[in-house]
Each structure stands twice: as structure tokens, then as C-alpha cells.
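Here the structure comes first, spelled out in C-alpha cells, and everything after it is commentary.
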Amino acid sequence: MNTIITRFPPSPTGYLHIGGARTALFNWLYARKTKGTFVLRIEDTDEIRSTRESVDAILDSMEWLGIDWDDGPYFQTQRHDIYNEYIDRLVASGHAYYCDCTPEMVDAMREEAKAKGLKPMYNGHCRERNLTQSNNTVVRLKTPDTGVTVVEDVVKGSTAFQNAGIDDFIIQRSNGVAMYNLAVVVDDITMNINTVIRGDDHLINTPKQMLIYQALNAELPIFGHVPMVLGSDKSRLSKRHGAMSVGEYRTMGILPDAMINYLVRLGWSHGDQEFFERDELIEKFDLEHLGRSASMFDTDKLMALNAKHIQKKSPEELADALLPYLAELGIDAANDGFTKEVIQTLQPRSRTLVDMAEAAVFYYADEIAFEEKAAKKFLKPEAGPLLARCAEAIEALDAYTQETLEAVFKAIMEETGLGFGKIAQPLRVAVTGTTVSPGIFEMLLALGREKTVLRIKKAADSIQAAQ
RNA sequence: GUCCCCAUCGUCUAGCCCGGUCCAGGACACCGGCCUUUCACGCCGGCGACAGGGGUUCGAAUCCCCUUGGGGACGCCA
């Protein structure tokens with residue numbers, strides 16, 4: 001079997017969005033799975049809308065997602081000579097011709113066709129005029145008037161298009177620059193692309209592209225048109241549906257592994273399995289189980305999956321990922337033993353890295369600010385002596401472990417006759433500033449004895465001072 | 001308007017190709033309960049779908065047709 005060669009061809013007219021990331025992923029996964037080649041090509045022939053910043057943003061997002069490419073990036077703007085060579089060949093072989101119809105004339109033709117209840121299209125006016133190239137001519141492909149062009153698609157099955165419904169479309173603009181459909185086909189041919197997985201909004205372009213392949217006498221690739229990702233109201237995903245660029249999910253604290261897991265499952269399945277590690281995805285991905293219908297993006301499910309990935313990661317891996325988010329909150333932490341312990345206490349209760357960073361702040365803070373409601377409820381006058389007693393007992397411990405801490409609690413419970421919660425909650429507020437935190441023992445242990453005692457004493461003192 | 005694609009719980013989906021094992025399975029969300037020092041995690045349970053109508057068949061979520069609904073494309077954009 002030949003080596004599979006796939007590609008991802010983004011247009012640099014914005015950030016890498018969800019839909020683009022998903023098609024990139026499908027192509028990448030399939031190439032990786034088959035030990036094939038994944039090519040990156042920047043389709044920047046629209047020089048007005050394409051920007052360098054977009055290219056950088058897209059590359060940056062791909063890198064973040066861990067989607068690497070084996071070849072490229074190629075830039076279509078640097079390949080004009082190649083396109084023109086093929087266009088000349090098409091004209092020479094009689095498969096294409098020059099046309100000097102003005103846009104106004106073509107508009108009129110479209111209106112005329114529409115009035116007849118037909119698809120608006122160019123009527124072939126210049127087809128037999130044998131024009132030569134001049135500064136106002138475009139090149140059009142001579143498409144068949146009869147018969148059908150059948151797209152064999154690995155996800156949609158076969159679809160027949162009437163050739164009569166395909167007009168002699170432009171392959172080269174009057175300014176000499178190739179049009180999209182031609183550039184794509186020439187690129188795919190010259191880059192040896194044999195597997196094209198793309199959004200199904202391109203399905204209609206496919207017969208046109210097939211006609212170019214045929215005119216060029218080139219072998220067709222395998223096509224797979226995957227359904228689009230829609231917004232929560234089933235309309236095309238747009239800004240009003242919330243974040244649509246993968247960069248935004250990065251800032252929300254989504255893990256790249258969770259992002260690709262979610263994106264792949266949106267339109268592909270492996271039985272009932274929901275959770276996939278990266279390697280597992282590469283191993284199990286296939287074209288046979290790509291879905292045929294459009295799907296809506298669901299942030300809740302992404303979040304839930306992200307929580308699962310956070311739980312399964314090692315504290316080491318998580319620390320590297322978390323550090324930037326801590327830095328964002330002004331915390332200069334390191335990937336050290338302390339941070340790893342901190343992370344372990346937070347793993348089961350964080351949906352995003354942002355959640356985790358926020359919940360981690362108290363571990364690193366020099367000064368604990370008490371939440372007003374929490375202090376009012378738990379740092380009452382009678383808590384002063386209790387906290388002082390706790391600090392004293394913890395300080396006196398030979399060893400600072402779960403067992404010894406439990407013993408301290410037990411002793412104080414017996415001494416005071418108070419329930420566990422009556423001691424734990426004031427302590428929690430004293431140490432974290434809030435009523436919500438990881439389990440009291442694991443949290444105290446992760447924080448360390450020194451900080452723990454210091455904070456409890458400070459809280460006891462402040463209660464004292466308030467009286 | 002013309003052409004094309006799609007159609008299972010609110011959402012993502014399994015099942016559909018090769019009809020019976022499906023009075024339809026899983027996940028997210030939601031609602032109960034358990035666990036519990038808080039918040040979570042986890043566990044148990046509940047709610048909840050084959051768009052509608054015709055066929056074909058002993059039998060249809062699965063095959064065929066129509067309707068409806070949704071999406072996409074009709075550019076000297078990609």
C-alpha cells in the first residue's frame with residue numbers, strides 16, 4: 001500500500017478555529033496512524049485578507065495542540081509560477097480558454113439563468129472565440145455539458161453531480177493569479193496528496209476539482225468530507241456562540257489533550273469510548289467511523305473531559321502546564337516538590353487549569369485575606385483559643401504526618417467536646433481564607449507545617465485583637 | 001430560485017452498510033441518594049430519542065419513496 005499523504009490547508013484570514021482544528025486533527029491523526037505524511041500548506045492567495053499574524057496564530061495553535069507537520073508550511077503565494085505552468089498547459093491542450101467577459105456581463109448571464117429557474121452560471125460565451133491572453137482576460141476551464149461527475153467519498157458515499165450544472169469556472173484571474181480550485185488541485189497533485197479530508201462545505205467544489213484532475217490527466221485522491229461543527233443553535237459556529245478559536249480555549253485553561261479528545265469525538269467514534277489519550281487516538285482513529293451529520297459544539301462536555309484529563313495527568317506534567325496560569329495570577333511558582341503536592345490536592349476538584357491556579361493561590365500567598373462571610377461565621381471569638389490550641393499542638397508534634405495531625409484533632413475533640421467540623425472549618429478559614437478547600441489533612445500537609453502554624457497563629461491573633 | 005448534504009435522548013454519540021440479540025446502549029447536562037470536615041472526586045439510581053407518513057418484509061432505528069426540518073454551496077473569496 002502506498003504511503004498516505006494528507007494535508008491541512010488553512011487560509012490565514014483569522015485564528016485557527018474549532019472547525020479548522022478538527023479537520024487538521026483528522027488529517028494529522030490519519031497520517032500518524034498510517035505512518036504517513038502530513039503536509040501543512042497556507043492558502044494565502046487572497047492577498048487582501050491574508051495576514052502574517054494569522055499565519056503565526058495558526059501555527060502557534062497547532063503547536064499548542066501538538067499537531068506537527070512533516071512537510072511545509074508551503075505558501076501558495078510563492079507558487080504562482082507552478083500554477084501558471086499548469087494553466088498554460090490546460091490552455092494548450094484545449095481544456096481551458098481565455099475569456100474577456102466583464103463582471104457585468106457575467107452578472108447578467110447569472111440573472112438570466114436564475115430567471116429561467118436555473119443555477120446562476122456563466123454561459124460559455126467565450127468558449128469558442130479562441131481569444132489570446134491580454135490584460136483583461138481570465139482563464140476558464142472548459143467543462144463538459146453533459147454526463148455526470150461522481151464524487152466517491154469515504155464518509156458521504158457517492159454523489160452524482162450533473163455536469164450541466166457546472167459552469168466554465170475561472171481558474172486564473174485577469175491579474176494572472178490562479179484561483180482557489182486550481183491552486184488546490186495543482187498543490188495536491190504536486191505534493192502527492194492522496195487523501196483529502198476536509199469540511200463538507202467543500203463537497204460542491206469537489207466535482208470542479210475532479211474536472212481539473214481529469215483535464216490534467218492526474219490521479220484522484222481519496223476524498224472524505226466531514227460535517228461541519230455548528231453553534232449551540234445549529235447555525236454556523238460564530239462569535240456569538242462563545243469562543244471559537246482554539247487560542248481562547250487555551251486561555252480558559254483547557255489541556256491540549258482534552259481539546260483534541262473532544263474535537264475528535266465530535267464526529268468520530270470508537271464504540272462507547274469517550275476518553276482517549278493522544279497515543280490511543282493515533283492507534284484507534286479510522287476513516288470508517290467518521291460521522292455523517294453536523295454536530296453542535298458543547299462547552300460543558302469539553303469541560304467535563306478536561307476535568308478527566310486533569311485527573312489522569314501526573315502532577316509533573318500538570319505543573320508545567322499550570323505554571324503559566326499561576327504566573328498570570330502573579331504567582332512565581334516552580335515545578336518542584338511543593339507545587340506537585342499542591343497539584344495533587346487540587347486534581348480531583350479542578351475543571352480547568354484556570355480553576356486550579358485560582359484554587360492554588362492560597363498555598364503560595366504570603367498574606368491570607370479572609371473572606372468576609374467565612375470569617376464572620378467561623379472566626380468568632382471562641383475560635384481564638386481553639387486555634388491557638390491547634391497551633392500549639394501542631395507545633396509540638398514530633399512528626400508532621402496525616403496520622404499525627406489526626407491525633408491532634410482527636411485530642412482536641414475530646415478536650416473540647418466539639419465535633420470534627422467545628423474544628424476543621426475554623427482551621428480551614430484560618431489557613432486558606434475560605435470555607436472551600438481540599439481535604440483538611442491533605443491540604444495542611446501540602447502546605448507544610450511552618451506555614452500552617454504561622455497562619456493559624458495569625459488568625460488566632462487577629463481574633464484576639466478584634467475583641 | 002437552483003444544486004448538494006444531513007436527520008437516534010436537550011447535546012455528543014453506539015447501533016444502520018450485512019433487517020430479528022434494541023419496548024434502543026454509553027457520555028455530558030439535569031434530578032434524587034450514598035460517601036463526607038467544606039468543595040469536589042467517586043459510586044448507585046432516575047429523567048430522556050429512532051422527525052412524520054407511506055411502502056418492502058413473518059419482522060425495520062436498520063432497506064426504498066415522499067414530506068418536513070436543519071445545514072451548506074451557487075464569487076475575478078478560500
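All figures in this text were calculated on a predicted structure; none of them were measured in a lab. In what follows, chains are A, B, ... by sequence order, proteins preceding strands, each numbered from 1. What you see below is based on every heavy atom in this structure, not just the backbone, and it leaves out hydrogens, waters and symmetry mates.
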Complementary nucleotide for B:C22 - Watson-Crick or wobble, under 3.5 Å: none
For atom CE of A:Met228 and atom P of B:A78, their distance in whole Å: 17 Å
Tell me what A:Arg351 touches on the nucleic acid: a base, only sugar-phosphate, or nothing, going by heavy atoms under 4.0 Å. sugar-phosphate
B:C39 P sits how many Å from A:Lys377 NZ, rounded? 10 Å
Given RNA chain B, 5'-ward residue of the pair A:Gln273 and A:Pro120, judged by closest heavy atom: A:Pro120
Taking atom P of B:C39 as reference, at what distance in whole Å does atom CZ of A:Arg428 sit? 9 Å
As its Watson-Crick or G-U partner within any shown strand, both distances under 3.5 Å, B:C41 has none
Which residues pass the salt bridge (Lys or Arg N to Asp or Glu O under 4.0 Å) test with A:Lys376, sequence neighbours left out? none
Please determine, by modelled atom types, if A:Thr143 and A:Asp168 share a side-chain donor-acceptor pair under 3.5 angstrom. yes
Nucleotide paired to B:U2 in any strand shown, Watson-Crick or G-U, under 3.5 Å: B:A73
Give me the distance, rounded to whole Å, that separates B:A7 from B:C12 when you measure between the P atoms they each carry. 12 Å
A:Arg79-A:Thr190 side chain donor-acceptor pair, cut-off 3.5 Å: yes
Short side-chain N/O contact from A:Arg110 to OP1 or OP2 of B:C76, under 4.0 Å: yes
Scanning all shown strands, the Watson-Crick or wobble mate of B:A61 with both distances under 3.5 Å is none
Looking at every strand, decide which applies to A:Ser269 at a 4.0 Å heavy-atom threshold: base, sugar-phosphate, or nothing. sugar-phosphate
Should the side chain of A:Arg349 and the base of B:C41 be counted as holding a donor-acceptor pair, with the cut-off at 3.5 Å? no
Could you work out the separation of B:C74 and B:G52 based on their C1' atoms and round it to a whole Å? 30 Å
Between B:G53 and B:A60, how far is it from one P atom to the other, in whole Å? 14 Å
Any side-chain heavy-atom pair of A:Arg22 and A:Val264 under 4.5 Å: no
For A:Leu302 and B:A29, give me the distance from atom CG to atom C1', rounded to whole Å. 14 Å
State whether the number of non-hydrogen atoms from other residues, nucleotides or ligands found under 6.0 Å of A:Lys422 atom NZ is greater than 12. no
May I ask you to say what A:Pro10 touches in the nucleic acid, namely base, sugar-phosphate or nothing, with a heavy-atom cut-off under 4.0 Å? nothing
Rounded distance in Å - CZ (A:Phe297) to P (B:U13): 12 Å
With nearest nucleotides of RNA chain B determined for A:Asp100 and A:Asp300 from heavy-atom distances, which residue corresponds to the more 5′ nucleotide? A:Asp300
Which is true for A:Arg49 with a 4.0 Å heavy-atom rule: it touches a base, it touches only sugar-phosphate, or it touches nothing? base
Determine the contact category for A:Asn181: base if any of its heavy atoms lies under 4.0 Å from a base atom, sugar-phosphate if only primed atoms, P, OP1 or OP2 are that close, otherwise nothing. nothing
Give one of base, sugar-phosphate or nothing for A:Ser350, where a contact means two heavy atoms less than 4.0 Å apart. nothing
Give one of base, sugar-phosphate or nothing for A:Gly439, where a contact means two heavy atoms less than 4.0 Å apart. base
Over all strands shown, is A:Cys99 touching base, sugar-phosphate only, or nothing at heavy-atom distances under 4.0 angstrom? nothing
Counting only side-chain heavy atoms from C-beta out, which of B:C39, B:A7, B:C41 sits nearest to A:Gln311? B:C41
With sugar-phosphate meaning primed atoms plus P, OP1 and OP2, does A:Leu203 contact a base, only sugar-phosphate, or nothing at under 4.0 Å between heavy atoms? sugar-phosphate
When all nucleic acid strands are considered with a 4.0 Å heavy-atom cut-off, which category describes A:Lys116: base, sugar-phosphate, or nothing? nothing
Once hydrogens and angles are ignored, does a donor-acceptor distance under 3.5 Å link the base of B:A78 to the side chain of A:Asn205? yes
Using a heavy-atom cut-off of 4.0 Å across all strands, would you classify A:Glu274 as base, sugar-phosphate, or nothing? base
B:U37 C1' sits how many Å from A:Phe409 CZ, rounded? 8 Å
Do A:Pro221 and A:Thr195 touch side chain to side chain, with heavy atoms closer than 4.5 Å? no
Return yes if a side-chain donor-acceptor contact under 3.5 Å exists between A:Thr352 and A:Asn306, otherwise no. no
In whole Å, measure the gap between the P atoms of B:C9 and B:C3 for me. 29 Å
Give me the ring orientation class for A:Phe26 and A:Phe285: parallel if the planes are under 30° apart, tilted from 30 to 60°, perpendicular past 60°. parallel
With a non-hydrogen cut-off below 4.0 angstrom, is A:His225 in contact with a base, only sugar-phosphate, or nothing? nothing
Closest to the A:Ile204 side chain, choosing from B:C6, B:G72, B:A29: B:G72
Among B:G72, B:C76, B:C12, the nucleotide that comes nearest once only the side chain of A:Pro103 is considered: B:C76
Looking at the side chain of A:Ser293, which of B:A7, B:G15, B:A78 is the nearest nucleotide? B:A7
Using a 4.0 Å heavy-atom cut-off across all strands, classify A:Ser437 as base, sugar-phosphate, or nothing. base
Positions of residues 157-180 of chain A (non-hydrogen atom under 4.0 Å from RNA chain B), listed by number: A:Thr159, A:Phe161, A:Ile170, A:Arg173, A:Ser174, A:Met179, A:Tyr180
May I ask you to decide if the ring planes of A:Phe8 and A:Phe38 are parallel, tilted or perpendicular, using 30° and 60° as cut-offs? parallel
A:Asp272 side chain, from C-beta outward: closest of B:A14, B:C41, B:C76: B:A14
For residues A:Val154 and A:Phe223, determine if any side-chain heavy atom of one lies less than 4.5 Å from a side-chain heavy atom of the other. no
Any donor-acceptor N/O pair under 3.5 Å between B:C12 base and A:Lys301 side chain: yes
Minimum-distance nucleotide (side-chain atoms of A:Ile440 versus B:G1, B:G42, B:U37): B:U37
Given atom CE of A:Met121 and atom P of B:C76, what is their separation to the nearest angstrom? 13 Å
For B:U13 and A:Ser295 - does any side-chain N or O of the residue sit under 4.0 Å from the phosphate oxygens OP1/OP2? yes
Would you call the rings of A:Phe276 and A:Trp268 parallel, tilted or perpendicular, taking 30° and 60° as the class edges? tilted
note: A:Phe223, atom CZ; B:C5, atom P; distance rounded to Å ~ 16 Å
Taking atom C1' in both B:C65 and B:G25, what distance in whole Å separates the two? 30 Å
Watson-Crick or G-U wobble partner of B:C28, both distances under 3.5 Å: B:G10
Given A:Glu415 and A:Arg389, is the salt bridge (charged side-chain N to carboxylate O under 4.0 Å, His left out) satisfied, shown in steps? CA-CA 11 Å; A:Glu415 241 172 76; A:Arg389 173 79 186 85; 2.7 Å; yes
